[in-house]
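Read through the structure below, which is laid out as structure tokens, and then see the notes.
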Amino acid sequence: MTTVARVVLDSPLPQLDRLFDYRVPAELEDDCAPGVRVKVPLRTGARMSDAYVVEIVTEGEYPGELSAVETVVSPVPALAPEIWALARAVADRAAGVASDVLRLAVPTRQVRVEKAWLNRDTTWSPTAVTPPPVTGYADGVLEALVADRGRAAVAAVPHPVALGTEDEPVWVPGWAATLAQAAAHTVASERSAVVAVPDFRDVTDLERALLAVLPAERVVRFDAKQTNGQRAKALLQARTHAVVAIGNRTAMYAPATDLGLIAMWDDGDASFIEPRAPYVHTRDVALVRAAQSGAALLFVSHARSTDVQRLVELHWLQEVAPYRVKTPKVIPTVQQTGAEGYAAQARIPSSAWRAAREASQAGAVLVQVASPGFGTGLVCAECGERAHCRVCGGPLGTPHRGATPQCRFCGALAVGFRCPTCGNGTVKPIGQGAQRTADELGRAFPGTRIVVADGSRPLDEVPARPSVVVATRGAEPSVAGGYACVLLLDGERMLAREGLRVQEDVLRFWTNAAAKGAPGAEAYLVGIGGKLATAMALWRLDGPAHDELADRRELHFPPAVRVATLTGTDEAVTAAVEALEGLTAGSVLGPVPVEDDALPGTVRAIVRFPYAHGAEVAATLKAEVIRRSSTRRVLPGGNRRRAAPALRVRLDDAEPFSEV
DNA sequence: AGCACGCCGACT
DNA sequence: GTCGGCGTGCTC
């Protein structure tokens, strides 16, 4: 009887993306267990490939003679069985390669960490956990959902919450308190939880919330700023006992044992888009993992993404909303350019101005603006049309305040500029950066402390003292107990961007800032009217998501349908499109030539298909990629060096639609 | 990837 | 007659 190791090779080649059988020599049998790293010969005996053992069987599937496993790199298992299953399914969904997913999920080997782990005290066990109730929702609703392995879109508690003791309160965002409390319930039943959040600051917020309700040994953190060693240690820790694994995108791959809860905060945030092959969004990883593990699944946010809205409308997710919590008191003020009733200094309506001024005497006031620094361009002061250079058509800007407008491309001075649309002769900066707004507010609020927070001057927290905090969207500092008042200034400008997800994004920016206010604090939404303003004022944020999804259905745009982008030679792309015959929804876009590609003659097509055909579309495209990958392309000029493969496939890439 | 196998033009 | 060109295909 022979022992056979079935391994997955560490190779990005799609034609090697399957299990290979190797004989296990007698002297390696003790160490060669599922999950360990091994080296195996491939094709010609001299060359070795790294691989992970997926399973050990007595009889393989390969009919020919087997090569032997060369070495077991380390007896510490690096690849948990459920992470292998997850990687396989995630790769299949994206027509990608499983080892690419493993590169995201499994950190490189750390000998010192492994040694420490092998020498650990195996008699130690963590103390039992008594979870606190989940606050802000109807009694027991979220607890029952987690216990029954339910799935839900959860509207977040829209203000900061104090955890910890009354003497030493720990202020955290409402969403962080909810997720920490829910995760504590999972851990109390000795099952693990995995929670993914968009950025580093969110990880810190969530960690603080968790440490207020759980002992430290129950919290394992993964984030991009960790060293490889720290990550490797966290991974091994996650497999020893029930923990809450938290972090950014890669946390969704944490090998937490006996998973009871999978959760995401603010799944619409663009940070969840994976930039590495096979480019699978964290939300999709969560959905695959939930299906495999049967764990409870929570998407927590203020403004619901259209993707989650789709799952709600399918009744695949249920809706959970806070119970008896105070929502921000959003006051929309429609802009009337130049009208009276506006404070001259800072385009702030006088009502908001008075409220902010009053609030800044007592506590911190948050002012949200669109982008850092000063304005980046000029528009006609009358009609708002973008001002362009008469010589080359480039954008006009001012090098410093009060200077003559100048083209930012060719440098020509725009003396005597007249708007080609309305004939007006004056220009104004497009939007206002944080610094400019801070300057203006400084002049208008003499004696008030003004703080600026943006990408280049990040600030996590400000004291709850009288002050005005000017922050770019997404960089708003937290304040214990919440801001006394919030002003949302540049909404109009944020909405002016082109793209499929602009509305969802802007709603997220507004709601996330408004939720930094104290319970029931006023939030002035400047220059915005219509449906969005109404949704904000009523704090009914599922309406816009529903409307938006309805529009996408009509247009056959994601997430109403799924999309695949096919890039490569005209022949390969055309053949792949033909292979998808009968599986698509809506028309095929293209193929059209791709300008910026390194290879001339490269084309791209976008194919839309219904979710029900996903598995078949992915399998078909993977087969096409494998077929094309064996034949190398000859570059024009005769040099036959490494060229891009004839066909590249990417599923669910929203980028081609961002300029629609 | 890399390397072997295989089927058509100019050489001792 | 064969040596070697690189298109095609496989790797347990």
Side-chain angles (χ1 to χ4, degrees), chain A residues 1-29 31-73 78-79 81 84-85 87-88 91-92 95-104 108 276-278 567-576 579 598-599 601 619-649:
Chain A
M1 200 165 71
T2 54
T3 307
V4 175
R6 313 205 68 214
V7 309
V8 53
L9 300 172
D10 181 16
S11 160
L13 298 174
Q15 58 271 50
L16 300 184
D17 186 25
R18 58 201 159 87
L19 296 184
F20 284 75
D21 292 359
Y22 287 88
R23 186 167 49 81
V24 181
E27 67 272 20
L28 295 182
E29 267 193 32
D31 287 343
C32 198
V36 302
R37 294 174 212 267
V38 290
K39 284 194 188 294
V40 293
L42 187 65
R43 182 70 183 147
T44 38
R47 274 178 310 119
M48 290 295 153
S49 175
D50 290 324
Y52 297 99
V53 174
V54 168
E55 53 180 347
I56 298 286
V57 291
T58 50
E59 208 166 311
E61 283 168 15
Y62 187 66
E65 181 147 348
L66 298 183
S67 295
V69 173
E70 172 77 11
T71 50
V72 173
V73 174
L79 178 61
W84 164 248
R88 181 69 274 163
D92 287 345
V97 176
S99 75
D100 281 340
V101 182
L102 293 183
R103 249 171 260 240
L104 308 175
T108 54
R276 289 176 286 177
T567 314
T569 60
D570 193 10
E571 194 218 345
V573 170
T574 306
L599 288 161
T620 304
L621 290 176
K622 178 85 175 288
E624 284 294 305
V625 168
I626 292 172
R627 194 161 72 85
R628 296 286 168 177
S629 65
S630 47
T631 45
R632 222 165 316 173
R633 291 172 75 179
V634 181
L635 290 173
N639 56 333
R640 195 169 166 274
R641 37 166 265 259
R642 237 195 282 170
L647 180 65
R648 277 172 288 159
V649 167

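Order of the sequence lines fixes the chain letters, A, B, ..., with proteins taken first and strands second; residue numbering starts at 1 for each chain. For clarity, every value in this text was computed on a predicted model and none was experimentally measured.
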Report summary line: note: A/Gln15, atom CD; C/dT8, atom P; distance rounded to Å ~ 15 Å

Query raised in the report: Between the main-chain N or O of A/Tyr62 and the side-chain N or O of A/Asp21, is there a donor-acceptor pair closer than 3.5 Å?
Result: yes

Tell me which donor-acceptor pairs under 3.5 Å the side chains of residues 49-58 of chain A have, and how far apart each pair is, sequence neighbours excluded?
from: A/Asp50; atom 1: OD1; to: A/Lys39; atom 2: NZ; distance (Å): 2.7
from: A/Tyr52; atom 1: OH; to: A/Arg37; atom 2: NH1; distance (Å): 3.3
from: A/Glu55; atom 1: OE2; to: A/Arg6; atom 2: NH1; distance (Å): 3.3

**Report entry** Nearest to side-chain heavy atoms of A/Asp21, which nucleotide of C/dC12, B/dC3, C/dT11
**Finding:** C/dC12

Query raised in the report: Just wondering, do A/Asp100 and A/Arg276 contact through their side chains at under 4.5 Å, heavy atoms?
Result: no

Report task. Please state how far atom OH in A/Tyr22 lies from atom C1' in C/dC12, giving the value in whole angstrom units. Result -> 5 Å

Query raised in the report: Rounded to the Å, how far apart are A/Leu9 CG and C/dC12 C1'?
Result: 8 Å

Query raised in the report: Between atom CG in A/Asp17 and atom P in C/dC10, what is the gap in whole Å?
Result: 17 Å

**Report entry** Protein-nucleotide distance (A/Ile626, atom CD1; C/dG9, atom P), rounded to Å
**Finding:** 14 Å

Query raised in the report: How long is the line joining CG of A/Leu13 and P of C/dT11, in whole Å?
Result: 14 Å

Query raised in the report: Between C/dC12, B/dC3, C/dT11, which nucleotide gets closest to the side-chain atoms of A/Arg47?
Result: B/dC3

Report task. Give A/Leu66 one of three labels, base, sugar-phosphate or nothing, depending on what nucleic acid heavy atoms sit under 4.0 Å from its own. Result -> sugar-phosphate

Query - A/Glu65 CD - C/dC10 P separation (whole Å) - result: 20 Å

Report summary line: Taken in chain and number order and not counting sequence neighbours, the residues that satisfy side chain to side chain donor-acceptor pair (under 3.5 Å) with A/Thr2 are none

Query raised in the report: Is there aromatic stacking of A/Phe20 against C/dC12, centre distance under 5.5 Å, plane angle under 30°?
Result: no

Query raised in the report: Within this structure, what is the CG-to-C1' distance between A/Asp50 and C/dT11, rounded to whole angstrom?
Result: 16 Å

